[in-house]
Structure formats: C-alpha cells, structure tokens
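Let me begin by presenting the structure, written as structure tokens, before commenting on it.
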Amino acid sequence: MFEAVLFDLDGVITDTAEYHYQAWKALADRLDVEIDRTFNEKLKGVSREDSLRLILEHGGQTELYSEDEFHAFAKDKNDFYVESIQAFSADDIYPGILPLLNDLKKNNIKIALASASKNGPFLLERMGLTDYFDAIADPAAVKKGKPAPDLFLLAAEKIDAEIENCLGIEDAQAGIIAIQSAGALPIGVGSVEDLGEGISLVSDTSKLSYAYLIEEWQKTRA
Ligand code: BG6
Ligand code: MG
C-alpha cells in the first residue's frame, strides 16, 4: 500500500489554475503577446519566472526586456493573481477533495503539498486545509521546478516517506512528468489530450476517492 499522497494545489485542490491563466492573460495582452488556453497548458505547474520566460519566448520578445523589467512583470502578474484569490474560502475546495483528505487522515496516510506556487500556504490557510497537511514542500527550496522531480522528492522527504511508496496528484503535464521521474505513481486530473495516455486519469476531482487511489495503486504496483 502507498504510505503518502503528494498533492499539487492549483487545478487539483481548487480552481486557481483559471486565476493564474487570467493573470497571465492580462500581462500578455499588455505586452502584445497572444496566449490562449491551449498555450496555457504549457504554463500549468511551471514556476512564475519560467512561465514568464515561456510567454516572452512565445511572443518572440526574449531579448526585449532588462532583468528589472522582467521582475517587474512577474510582480505585476502576481499582484493581479493575489488580488483575485483574496476571497477564497472552504467553498472553493474542489468536489471530492475534503472527503479524500479525511479518509487519508483516518487511514494514517501522510499528506504533503508539492505545489510550485509560493502562494500555496496562503491558499491552504484561506480554505481551512492547513492542518490536513503533514508538510509543505517549499518551491523556493528546490533548484529545479516541475517537470524536474525535485519538489516531489522534497515533499516525500519532509514526511519521511519513500518516494516509491507515494502517489502524486496533478493536473499539469509538467507535474505528471515530475511525479514519474521522481518515482512516485501519478494520478492525473484532466483529459487524455492534455495529460497523455498510460497513466491513471480522472476527468475531475469528484471522481477521486480513497477507494479509487487504492484500486489504481493495486493495478500498477501490486
Ligand atoms: C503552479 C501553477 O502551481 O504554480 C502555475 O500551476 C504557477 O500556473 C506556479 O505559475 C507558480 O505560482 P506562484 O503563485 O508562485 O506564482
Ligand atoms: Mg496544477
């Protein structure tokens, strides 16, 4: 059996993936770079700075701005985003997540957060979820962000779990690759088109349950 579940946050625990998109879209419009939801799939799970690099690259503007301007753009995006999540509460937790967290706790399965977002702890607090988490992996503490395995490895280490005995839940391509290369078992939230074939997938979080995780674990790891 698995001993721990490593959760992504944005797009798994709550709908913040959409708010990140709206904030990037506002900045991209200002910079005259066209982005759409298909392009946005590449930004999911990716750090703030790497996302901005991808957007500038997409618009052919990599060489256009100084380091100071780059950091100012990243700050503007974050200010827009932070403003949009101020009113988050327990009402914003995705369906199925709270019962899953409760069942994991009841069964002594450890829970850790492996989110690339520096706003993760704030959001957990707003949604009243902080106490469910045995550890939060700090994205600022790892050298490489997703799709590198570092953040998932750090999350497992912080709860003293063997990474091979962990499940990781993700809605982003970068996150699924990170979980796989760390050596944990990925569970995707989303579509085959976005996340690819050959992994356990649910179309939305209401389909996630402790029983489902056990079933998927037994299918692939037993
Ligand atoms: C990830 C999101 O969880 O966190 C990305 O999927 C986001 O869209 C990244 O860029 C970093 O978030 P933040 O809040 O630190 O800018
Ligand atoms: Mg995500």
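Values reported hereafter were calculated over all heavy atoms of this structure, with side chains retained and with hydrogens, waters and symmetry mates removed. Here, residue 1 is the first one in the sequence, and each next residue gets the next number. All ligand and atom numbering here is 1-based and tracks the order in the structure.
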Short list, please: which atoms of ligand 1 are under 4.0 Å from a heavy atom of [X]?
X: Leu43; result: 5 (C), 8 (O)
X: Asn119; result: 13 (P), 14 (O)
X: Lys118; result: 13 (P), 14 (O), 15 (O)
X: Lys44; result: 6 (O)
X: Ser51; result: 10 (O)

Identify whether the distance between the nearest side-chain nitrogen and carboxylate oxygen of [X] and [Y] falls below 4.0 Å.
X: Lys146; Y: Asp8; answer: yes
X: Asp134; Y: Lys105; answer: yes
X: Asp76; Y: Arg30; answer: yes
X: Arg37; Y: Glu18; answer: yes

Shortest protein contact, [atom] (heavy atom only):
atom: atom 13 (P) of ligand 1; answer: Ser117 OG, 3.4 Å
atom: atom 16 (O) of ligand 1; answer: Arg48 NE, 2.7 Å
atom: atom 5 (C) of ligand 1; answer: Val46 O, 3.4 Å
atom: atom 3 (O) of ligand 1; answer: Asp10 OD2, 2.6 Å

> When the ring centroid of Phe7 is compared with that of Tyr132, is the distance short of 6.0 Å?
Replying inline: no
> Number of protein N/O/S atoms less than 2.8 Å from the Mg ion (ligand 2)?
Replying inline: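 Of the protein's nitrogen, oxygen and sulfur atoms, 3 lie under 2.8 Å from the Mg ion (ligand 2).
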Taking [X] for its side chain and [Y] for its backbone only, find out whether a donor-acceptor pair lies under 3.5 Å.
X: Thr205; Y: Gly96; result: no
X: Thr130; Y: Glu125; result: yes
X: Asp29; Y: Ala26; result: no
X: Lys207; Y: Val202; result: no
X: Gln180; Y: Ile199; result: no

> Taking the inter-plane angle between the rings of Tyr81 and His20 on a 0 to 90° scale, is it parallel (under 30°), tilted (30 to 60°) or perpendicular (over 60°)?
Replying inline: parallel
> side-chain hydrogen bond (donor to acceptor under 3.5 Å, both in side chains) between Asn78 and Asn119: does it pass, once the steps are laid out?
Replying inline: CA-CA 9 Å; Asn78 191 55; Asn119 294 299; 3.0 Å; yes
> Any idea which part of Ser115 is under 4.0 Å from ligand 1, heavy-atom wise: side chain, backbone, both or neither?
Replying inline: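 Under 4.0 Å from ligand 1, Ser115 contributes side-chain atoms alone.
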> Quick one: does ligand 1 sit under 4.0 Å from the side chain of His20, the backbone, both or neither, non-hydrogen atoms only?
Replying inline: side chain
>> Less than 4.0 Å is my threshold; does some heavy atom of Gly45 fall inside it relative to ligand 1?
In response: yes
